[in-house]
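Order of the sequence lines sets the chain letters (A, B, ...), proteins ahead of strands, with each chain counted from 1. On a predicted model such as this, the values are computed, not experimentally measured, just so you know.
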Amino acid sequence: MTSRVGKITIRNPLLLASGILGESSGSMIRVYSSGAGGVVTKSIGMEPRDGYRNPTVYEFESGMLNAMGLPNPGIEHFSDVISRTKAAGVFTVGSIFGGDENEFSHLAGKMEAYGVDAVELNLSCPHVEGFGSELGSSPERVRSVVGAVRQAVRIPVWAKMTPNVADMGSIAAAAEEAGADAIVAINTVRAMAISARLRRPVLSNTYGGLSGEAVKYVGLRAVYEIGKKCSIPVIGVGGVRSGEDVAEYLVAGASAVQIGTAVAERGPGVFGQVADELSDFMEREGFSSLKEMIGIARR
Amino acid sequence: MTSRVGKITIRNPLLLASGILGESSGSMIRVYSSGAGGVVTKSIGMEPRDGYRNPTVYEFESGMLNAMGLPNPGIEHFSDVISRTKAAGVFTVGSIFGGDENEFSHLAGKMEAYGVDAVELNLSCPHVEGFGSELGSSPERVRSVVGAVRQAVRIPVWAKMTPNVADMGSIAAAAEEAGADAIVAINTVRAMAISARLRRPVLSNTYGGLSGEAVKYVGLRAVYEIGKKCSIPVIGVGGVRSGEDVAEYLVAGASAVQIGTAVAERGPGVFGQVADELSDFMEREGFSSLKEMIGIARR
Amino acid sequence: MQGGNLRIVEIAEVVKESPSIWTIRYRDPSPSKPGQFVMVWVPGVDEVPMSLSYTGDEKGITFRPIGETTRALSELSAGDRIGVRGIYGNSFTRTGGEVLVVGGGTGIASVIAAVEPFVSDGKVHAALGARSREELFFEDRVISAGAELHISTDDGSKGHKGFITDVVRRLLGSGWIAQVIACGPEKMLYNTALIAREFGVPGQYSVERYMKCGIGVCDACSLDGRLVCRDGPVFDGDFLLGSEDFGRFRLSPNGTRIPV
Amino acid sequence: MQGGNLRIVEIAEVVKESPSIWTIRYRDPSPSKPGQFVMVWVPGVDEVPMSLSYTGDEKGITFRPIGETTRALSELSAGDRIGVRGIYGNSFTRTGGEVLVVGGGTGIASVIAAVEPFVSDGKVHAALGARSREELFFEDRVISAGAELHISTDDGSKGHKGFITDVVRRLLGSGWIAQVIACGPEKMLYNTALIAREFGVPGQYSVERYMKCGIGVCDACSLDGRLVCRDGPVFDGDFLLGSEDFGRFRLSPNGTRIPV
Ligand SMILES: Cc1cc2nc3c(=O)[nH]c(=O)nc-3n(C[C@H](O)[C@H](O)[C@H](O)COP(=O)(O)OP(=O)(O)OC[C@H]3O[C@@H](n4cnc5c(N)ncnc54)[C@H](O)[C@@H]3O)c2cc1C
Ligand SMILES: Cc1cc2nc3c(=O)[nH]c(=O)nc-3n(C[C@H](O)[C@H](O)[C@H](O)COP(=O)(O)OP(=O)(O)OC[C@H]3O[C@@H](n4cnc5c(N)ncnc54)[C@H](O)[C@@H]3O)c2cc1C
Ligand SMILES: Cc1cc2nc3c(=O)[nH]c(=O)nc-3n(C[C@H](O)[C@H](O)[C@H](O)COP(=O)(O)O)c2cc1C
Ligand SMILES: Cc1cc2nc3c(=O)[nH]c(=O)nc-3n(C[C@H](O)[C@H](O)[C@H](O)COP(=O)(O)O)c2cc1C
Ligand code: FES
Ligand code: FES
């Protein structure tokens, strides 16, 4: 089940998605022990942020919405979390968000110094003004942020894409040109929940991001579409809940996947379960390596 | 339950969405008899089109994907369908798609001549090259198409929006400036399904559009967001399955809604059922008119 | 959504019923009733509606290769994979008395699964018609079910020479038949329905229309405001004979109303 | 997804348990167990975790107004609407023998629902502690459940003067207690757990942490790799006393590890 993402080798292709249990070393170590190939931290910014008031999540049958508001302790306070997590042998990707290329470069440099294995640029948070989506929907800005980070660090740079644009392919292509080592897709889909009986939006921030089963087919599309425009690896995210879901992402062209919302449904043990399901699938279908599966739907 | 969309009055706010049972007069009359406030026809173009090969749909628990490929008999052959439908007293909106403003104007003129009550511009089909999304993701092109149709006909002009863009609000604003009488949102979300066991995309067109419960929260967000930028009425579409869903759309700012995928789940009888559920909701909540509900979540 | 989600199944067996008729069997425990159908996806080719000729856990579809998809289907072997969605549509229902089951050509595939359960409720006559003896199939299933077999071929190579509707008229003339169910070419169905009405016998007819979605959204299969995929494929004679379209019009793949 | 989808409920009743303690009752037939909690949304204000002080069809939450949300809650009346999500978290479980139920301050709200079902399984001692008699509540529920009531107040205005842990030590010293369950300020829980360990009595402790999602995704409530919202709020003493965080560290809303 060894998985390769560019120059990196991971013990399996199932990573914890950013923003899910990625704030404390205890949780990240636990996720890794439960069978994940590695973890992506919560997105970390320049300053401590409490995030939005509750309600910050809304659940429904086939997914959820969240508008956490990028709560994080700030990069200065995150060194301890990374070193504890790395000390436990966990493959750790540091996710960062910022307002411009200077912030991103600074954050990436810090993450590298703390010891992460790769850095993931959150260019795509759909519900925080100034960070995320606005930035991630402009090929020029994506190019300049990725380019700056590329200069600033030696570790692999992953660019995480928003699906809330007309053409994900050309934004991913801009990231590749600027030196990204991999594309991560997708972040959540911009959405909102309303309570008719309370006559108001549910999330304190009004807008939030849709994730879970409801976005699986958007994520698959993104991976497939980006794969047509880019030659760097693509990491699939969105609605992965089972080994067969992972297989769909691999077949669509993903080199690895990340799992977020399914952690709410199936608990942190989801990683081991999905890994077993994936092995069973590969055995039944006669695949002996992930490589044989990756992108065959595109051939 | 009388509903007003600009200058138009409809017997209730539940319309059949375009592309669902909107090809034959028999089906449209049936939908109207089952309690719909009116119908929107399948999107009609300049020439007959068979659409894509099957599989053209993919169902899953909380929604479906489709890539019909805009099958339609062509505008020249559609006069009979409209006249039969209108003869039965059905409030009928003619949906049209084209490659440029000339085609749209021609199609709208024909629809007007056939007797439709309004024309809906499909600026948003996510899976047919050249029509739809590409056009609908550019404010300039939307402005020119809507403007041309506005010149060409006297009946109300509705502009249907794609959610596959970074900023729906400014595209809707362009449509309003160009003279649209209402905005319809959303069309389907670009997506795809993969069969891991067959190692290939399921839909013959590879890409398709996501609809149903999975997109309800995207539709609500679109209506709310557009309502902030536009003063013309907004018609909500996406995942409406129950009276409470309608209430959510109204409260978010929709003047009326359209129902598509729920017709597969609950049958054409869904309109009468949803209308009853909506009345029950209004009674329980002490609303005596739709007007009292519309947009209260925005206040 | 309707519980008819796509399943990828492995073909268990391909049976050649006659020189021109194939049956494909596959395991699928979804509950189903005689008259219901599935959408059968031949990867890389197309997806088409097919009646279930076997409704148990090992389902079956039976067809004549007439075009690209049915030809591709006939070239598959055990172990090959196809996609199926459904179980879709309504079914034939037994209303009591002696029943006449009429199958014309591949329409036999749709009615055959009704013969076996119906015999337990009283006498069943099965009238199977085809162009020639080579195109006949499932006679053995009629016989082993304990139903009475009647045959017609256009060329007289087996049974009555002529149309199956001649047999239908004769059997209805006996006065014993209380119910007709039928599937076959629309002309034949139309005539069967007319004869049954003449004798005052209620009938259920399985109608074919071009299908895309199979789930009642695309309107491709519309027949006078009813959807063959969802309200049908089985309709009663009164509705059909009263409709504008039955025996006369259908929709082409682009939705133009054209003669049947 | 977890079945804890948001429900908008009407308040059935607001009960003032003492000068500083409120209970809100609302109808919600969701099955729940003692120790479980809900996320309570006060529209326009905030959403906070609250233990269920009543677990039947008419659920209840009991709180002291200490900040914006709890104050807003205390100002609501019957007929007002709030949102609830959950039922979330694990619960207290009866392991046999005589049980000592310890509630400190509003922690009483979380353990009280265990007293009633637990008495049917054997003797229950309930030790309730508060700063003063005005902040005590649910003594009546303990008595009518048939449990033995022990009281302490910091100021001695009722019962033992001093800490509830003094009462705990005395009761455990009797040698009869086979199980401890407790909820209250972390300092008190920590000391209770230490005393129970000293006497070799297993204990279950309901811990509070800042919560955002309540469903185990945001990591806000992390306690040494366990999630209070999902793996807890009830943890056993061995885990807690072995952990780095219990009694010492918690995460602030921005995720910084700070002293409890
Ligand atoms: C409810 C239903 C049940 C059916 N059951 C059977 C059966 O048990 N056995 C059998 O042999 N045939 C059955 N058919 C007909 C079968 O679907 C067509 O024979 C098949 O689609 C032909 O496909 P092709 O590519 O081989 O032929 P083509 O060359 O594509 O077409 C030949 C004929 O099949 C029709 N056809 C093609 N595609 C479709 C489609 N998507 N939907 C409906 N008709 C289509 C065409 O209109 C044409 O008349 C059924 C049809 C329906 C609607
Ligand atoms: C599982 C659990 C069960 C609880 N059960 C009860 C109960 O039955 N009765 C009761 O009175 N209190 C209970 N609490 C505590 C209750 O959630 C807080 O008192 C409440 O959130 C205070 O909100 P406020 O706006 O009034 O106060 P604030 O002024 O906002 O804060 C006062 C204190 O409450 C804490 N708090 C604020 N928001 C949260 C939050 N989202 N999650 C956790 N703590 C928060 C703060 O950290 C601070 O210590 C429980 C907490 C948890 C975690
Ligand atoms: C509660 C929550 C918090 C999230 N926070 C972040 C974040 O901080 N940074 C980020 O890049 N993505 C964040 N995401 C997005 C996820 O990483 C992921 O892209 C998305 O949820 C789709 O995957 P899923 O369907 O498996 O959840 C968050 C998602 C959720 C549900
Ligand atoms: C099978 C199908 C066909 C559709 N065809 C069209 C179309 O021709 N024109 C159009 O504007 N929208 C079309 N749509 C989009 C719907 O009108 C609607 O915007 C979308 O499905 C979301 O609503 P729903 O969740 O209620 O289905 C189609 C949707 C489906 C499911
Ligand atoms: S095949 Fe689409 S409605 Fe029947
Ligand atoms: S509150 Fe979010 S993980 Fe516990």
Shortest non-hydrogen contact between B:L21 and C:G216, atoms and distance: CD2-O, 3.6 Å
Heavy-atom side-chain contact between B:E61 and C:N5 under 4.5 Å: yes
By a 4.5 Å heavy-atom criterion (distance strictly below it), what part of B:R241 contacts chain C: side chain, backbone, both, or neither? neither
Would C:R257 and B:E23 pass as an ion pair if we require N to O under 4.0 Å? no
Checking side chain to side chain contact (heavy atoms under 4.5 Å, CB included) against B:T56, which of C:E47, C:K212, C:M211 comes through? C:K212
Identify the residue among C:L227, C:L223, C:D219 that makes a side chain to side chain contact (heavy atoms under 4.5 Å, CB included) with B:S24. C:D219
According to side chain to side chain donor-acceptor pair (under 3.5 Å), who are the partners of B:D117, at least two apart in sequence or on a separate chain? B:K86
Donor-acceptor check, side chain of C:R85 to backbone of B:Y58, threshold 3.5 angstrom: yes or no? no
C:T95: partners by side chain to side chain donor-acceptor pair (under 3.5 Å), with sequence neighbours left out: C:Q179
Test: salt bridge (Lys or Arg N to Asp or Glu O under 4.0 Å). Region: residues 16-40 of chain C. Which pairs qualify, not counting sequence neighbours? C:R7-C:D28
Taking heavy atoms only and a threshold strictly under 4.5 Å, list by residue number the residues of residues 234-254 of chain C that touch chain B; give 'none' if the list is empty. C:E244, C:L251, C:P253, C:N254
Using non-hydrogen atoms only, which part of B:R200 is less than 4.5 Å away from chain C: side chain, backbone, both, or neither? side chain
Backbone N or O of C:V45 within a donor-acceptor pair of the B:R53 side chain at under 3.5 Å? yes
List the steps, then state whether side chain to side chain contact (heavy atoms under 4.5 Å, CB included) holds for C:V217 with B:M64. CA-CA 11 Å; C:V217 295; B:M64 62 180 280; 4.2 Å; yes
Considering only heavy atoms, which portion of B:V202 lies under 4.5 Å from any heavy atom of chain C: side chain, backbone, both, or neither? both
Contacting region of B:I29 [heavy-atom separation from chain C under 4.5 Å]: neither
Do B:N54 and C:W41 come close enough that some side-chain heavy atom pair is under 4.5 Å? no
Do NZ/NE/NH1/NH2 and the carboxylate oxygens of B:R30 and C:D224 come within less than 4.0 Å? no
Tell me, yes or no, whether the heavy-atom count around C:E10 atom CD, taken from other residues, nucleotides or ligands under 6.0 Å, exceeds 12. yes
